[in-house]
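Each remark here refers to the structure printed beneath this line.
Atoms within each ligand, like the ligands themselves, are counted from 1 in listed order. When reading the values below, keep in mind they use all heavy atoms of this one structure, side chains included, and skip hydrogens, waters and symmetry mates. Keep in mind that what you see is a predicted model, and the values were worked out from it rather than measured.
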Amino acid sequence: MATSTKLLISKPVNIWMNDEPMKVEDTQTILQVARNHGIHIPTLCYLDEITPTGSCRICVVEVEGFPRPVPSCSTFVKEGMKIHTNSPKIQAIRKVIVELLVANHEMDCLYCERNGECELQDLAKIYNIRDHRFLGSKRQNPLDQTSMALVRDPNKCILCQRCVKVCDEVQSVHAIDVTKRGFESIVTSAFGKTIHESSCVLCGQCVRVCPTGALKERDVSTEVREAIDDPNTIVTVQVAPSISVTIGEEFGFPIGTDVSGKLVTALKRMGFDAVFDTVFGADLTILEEANELIKRITENKTLPLISTCSPGWIKFMEHEYADLIPYMSTCKSPMSMQGAIIKSYWAKNQQIMPKRIFQVAIMPCMAKKFEADRSELVNDGLPNTDAVLTTRELIRAIKKFGLDLKSLPDSKYDDPLGESTGAGKIFGASGGVMEAALRTAYWLVNKKNLEHLEITQVRGIEGIKRAKIQLTPELTVNCVAASGLKNARIICDEIRAGNPNNYHFIEIMACPGGCINGGGQPRGMDLEVIKQRAQALYKLDEQYTIRLSHENTAVQRLYANFLKTLGSNEAHHLLHTHYYPRSERRH
Ligand code: SF4
Ligand code: SF4
Ligand code: SF4
């Protein structure tokens with residue numbers, strides 16, 4: 001049997017799959033060949049992005065001459081192989097595998113968040129599981145509800161290890177593993193720590209790939225509903241830049257369709273008092289961050305400047321690279337900046353007591369729930385954000401409210417915190433913060449705008465994108481945008497090794513590809529989908545009348561009437577913060 005370490009020098013081979021002759025490359029697995037030829041083989045543990053474990057065995061196939069069925073995900077094709085993917089014997093084996101999983105599963109589908117979109121449920125349906133053939137004791141492990149963001153239910157875990165592999169191979173956090181043996185096996189953090197006590201950064205990438213309801217976000221939609229129903233509370237909501245091009249997928253729109261207008265209508269119908277665009281907060285972040293970058297360069301201060309918009313990345317840095325904290329930008333994320341402005345500037349303009357405001361954020365990210373709970377993100381005794389709903393929670397809430405996004409008319413975001421630019425919109429893709437900040441940094445030093453606004457070197461879904469951007473004849477800024485924590489680790493190690501690439505500016509996003517692939521987005525890990533979502537954001541940028549954060553007229557008025565100047569004391573009070581090593585913190 002071949003392994004995944006096989007050298008990738010390919011040779012054509014002749015095989016037969018379900019009696020059909022095929023000429024294929026011997027670097028392909030049986031599963032890959034089947035998929036390329038439209039033959040469906042079920043999988044549970046397999047994901048394109050990670051090393052196959054072959055642990056679930058649901059993808060077994062028969063190969064003539066082999067003593068027993070083999071896992072198709074980790075077996076490479078060989079000359080002359082005769083493969084049967086769906087023989088009666090294979091169907092019987094798969095049925096028993098599913099029956100055994102079901103026998104040791106807490107079957108409370110009616111109460112389960114994954115009811116109707118669960119891969120185990122789908123298989124039980126396909127293999128016509130109608131009774132409990134295997135009766136016996138079931139695992140009874142406690143739910144881990146210790147985290148602000150993530151809930152783990154070990155009794156719904158089928159030990160496929162997708163989460164473990166994603167955490168190791170994609171994120172390099174190594175926060176979880178399978179421990180104990182046989183019936184006692186369980187996925188847990190090192191030394192049996194709870195999620196809250198562990199080094200988990202709450203990125204949610206494991207949740208996106210879990211086939212069952214064993215991993216999920218902490219759902220706060222009931223708390224939000226209660227706030228909306230309270231007549232004494234003003235409930236505002238802001239929507240992150242990437243959401244408008246991802247949420248439509250769950251309502252039958254083609255991938256990448258921008259549904260901003262319909263989303264605003266849905267949120268208003270659900271009872272939110274004001275609906276704002278987080279792109280406004282992104283524009284604000286850009287002005288403060290570009291100003292910070294130019295100051296650090298021109299005043300010979302600490303470089304590189306590392307962006308701090310991604311809460312999973314911040315937590316990772318606090319756990320593992322606390323010595324790099326001085327490089328971090330002091331700018332809060334767009335969500336927290338916008339929350340601080342809603343409870344100060346907007347509240348003052350509307351003559352509302354800030355403590356009456358309940359500020360909700362719709363985010364692509366599970367770690368934003370953790371960000372909202374941070375003590376550093378509080379102003380004048382009030383948290384910048386009161387509740388965070390992920391895209392998935394909002395999808396469920398919209399459906400529960402009986403709204404069909406497709407048939408809703410368009411509405412506009414509320415002013416003045418609804419005015420936005422193309423620069424802020426591209427925050428949703430990896431490299432977007434950097435591109436937007438460089439557009440404004442150029443203007444800050446040259447007092448004119450870049451001729452070509454597209455900084456294509458930092459676009460695309462590659463994990464690490466390096467660029468040299470000439471701001472003036474004397475100043476070339478060395479930049480790198482990394483996404484996925486495995487890539488963040490590479491860049492952090494470079495900085496520790498003395499910054500050999502002489503970076504001035506670093507953007508890091510915890511999730512591969514950025515927020516369009518955030519841990520709170522619709523489930524799945526299809527790279528094509530991520531690419532199309534990113535392209536949709538760049539297309540929207542081109543369609544905006546204003547494509548530069550410093551030209552956002554509502555942001556300009558905010559400075560003129562309230563914050564005064566970039567980096568002012570007022571701006572520092574509301575828009576900036578500092579981070580601390582995790583070892584010095586309570587949580
Ligand atoms: S994880 Fe799937 S099979 Fe298990 S209870 Fe939830 S919906 Fe049912
Ligand atoms: S928690 Fe989910 S992804 Fe992880 S092993 Fe269990 S079922 Fe698989
Ligand atoms: S949330 Fe992220 S860091 Fe935590 S276990 Fe999942 S993949 Fe690992």
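- Nearest protein heavy-atom contact of atom 2 (Fe) of ligand 1 is Cys118 SG, 2.3 Å.
- The atoms of ligand 1 that sit less than 4.0 Å from any heavy atom of Asn115 are 7 (S).
- Side-chain atoms of Thr385 never come within 3.5 Å of backbone atoms of Ala372 as a donor-acceptor pair (strictly under, hydrogens ignored).
- A salt bridge links Glu371 with Lys368: the closest approach of a Lys/Arg side-chain nitrogen to an acidic carboxylate oxygen falls below 4.0 angstrom.
- Of the protein's heavy atoms, Ile158 N, 3.4 Å lies nearest to atom 7 (S) of ligand 2.
- Expressed to the nearest 0.5 Å, how far CD1 of Ile461 lies from CD1 of Ile516 amounts to 8.0 Å.
- For atom 8 (Fe) of ligand 1, the closest non-hydrogen atom on the protein side is Cys109 SG, 2.3 Å.
- Residue Leu215 has at least one heavy-atom neighbour below 4.0 Å for each of these atoms of ligand 2: 1 (S).
- Near Gln121, the atoms of ligand 1 lying under 4.0 angstrom from a non-hydrogen atom of the residue are 7 (S).
- To the nearest 0.5 Å, atoms SG (Cys511) and CH2 (Trp313) are separated by 13.5 Å.
- Every atom of ligand 3 with a heavy atom of Cys206 under 4.0 Å away is listed here by number and element: 1 (S), 5 (S), 6 (Fe), 7 (S).
- The pair Glu435-Arg459 counts as a salt bridge, with a side-chain nitrogen and a carboxylate oxygen less than 4.0 angstrom apart.
- Backbone or side-chain N, O or S atoms of Cys160 do not reach atom 6 (Fe) of ligand 2 at under 2.8 Å.
- Using a 4.0 Å cut-off between a side-chain N of Lys or Arg and a carboxylate O of Asp or Glu, Lys156 and Asp108 qualify as a salt bridge.
- In the vicinity of Leu150, heavy-atom distances shorter than 4.0 Å reach the ligand 3 atoms 1 (S).
- Atoms of ligand 3 found under 4.0 Å from any heavy atom of Cys203 (numbered from 1 in listed order, with element): 1 (S), 2 (Fe), 7 (S).
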| field | Derivation of the side chain to side chain donor-acceptor pair (under 3.5 Å) call for Thr278 and Gln238 | value | CA-CA 5 Å; Thr278 311; Gln238 55 167 304; 2.8 Å; yes
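- Salt-bridge formation is detected for the pair Glu320/Arg489: a Lys NZ or Arg NE/NH1/NH2 atom is positioned less than 4.0 Å from an Asp or Glu carboxylate oxygen.
- Checked for salt-bridge contact, Glu393 and Lys399 miss the test: no charged N lies under 4.0 Å from a carboxylate O.
- Contact annotation: Glu113 has no heavy atom less than 4.0 Å from any atom of ligand 1.
- A salt bridge links Glu113 and Arg396; the closest N-O separation between the charged side-chain nitrogens and carboxylate oxygens is under 4.0 Å.
- Of the protein's heavy atoms, Gln161 N, 3.2 Å lies nearest to atom 5 (S) of ligand 2.
- The side chain of Val187, and not its backbone, has at least one atom closer than 4.0 Å to an atom of ligand 2 (non-hydrogen atoms only; side chain from C-beta on).
- Atom 8 (Fe) of ligand 3 has Cys167 among its coordinating residues (N/O/S atom, backbone or side chain, under 2.8 Å).
- In terms of protein heavy-atom proximity, atom 4 (Fe) of ligand 2 is closest to Cys163 SG, 2.2 Å.
- The ligand atoms of ligand 1 that sit less than 4.0 angstrom from a heavy atom of Gly213 are 1 (S).
- When each atom of ligand 1 is checked for a heavy atom of Glu106 under 4.0 Å away, the hits are 5 (S).
- Cys112 SG, 2.4 Å is the protein heavy atom nearest to atom 6 (Fe) of ligand 1.
- Using a 4.0 Å cut-off to heavy atoms of Asp108, the atoms of ligand 1 that qualify are 5 (S).
- At a 4.0 Å heavy-atom cut-off, ligand 2 does not touch Arg152 at all.
- The shell of residues lying under 4.0 angstrom from ligand 3, judged by heavy atoms, includes Val201.
- Listed by number with element, the atoms of ligand 2 under 4.0 angstrom from any heavy atom of Cys210 are 2 (Fe), 3 (S), 7 (S).
- In summary, Arg392 and Glu217 engage in a salt bridge, as defined by a charged side-chain N under 4.0 Å from a carboxylate O.
- At least one heavy atom of Gly204 sits less than 4.0 Å from an atom of ligand 3.
- Between Arg162 and Glu119 there is a salt bridge, since a side-chain N of the basic residue sits under 4.0 Å from a carboxylate O of the acidic one.
- Classification of Arg533 and Glu249 as a salt-bridged pair holds, one side-chain N sitting under 4.0 Å from a carboxylate O.
- You'll find the side chain of Gln28 reaches within 4.5 Å of the side chain of Asn36, heavy atoms only.
- Here Leu159 has backbone heavy atoms under 4.0 Å from ligand 2, and that is the only part of it that gets that close.
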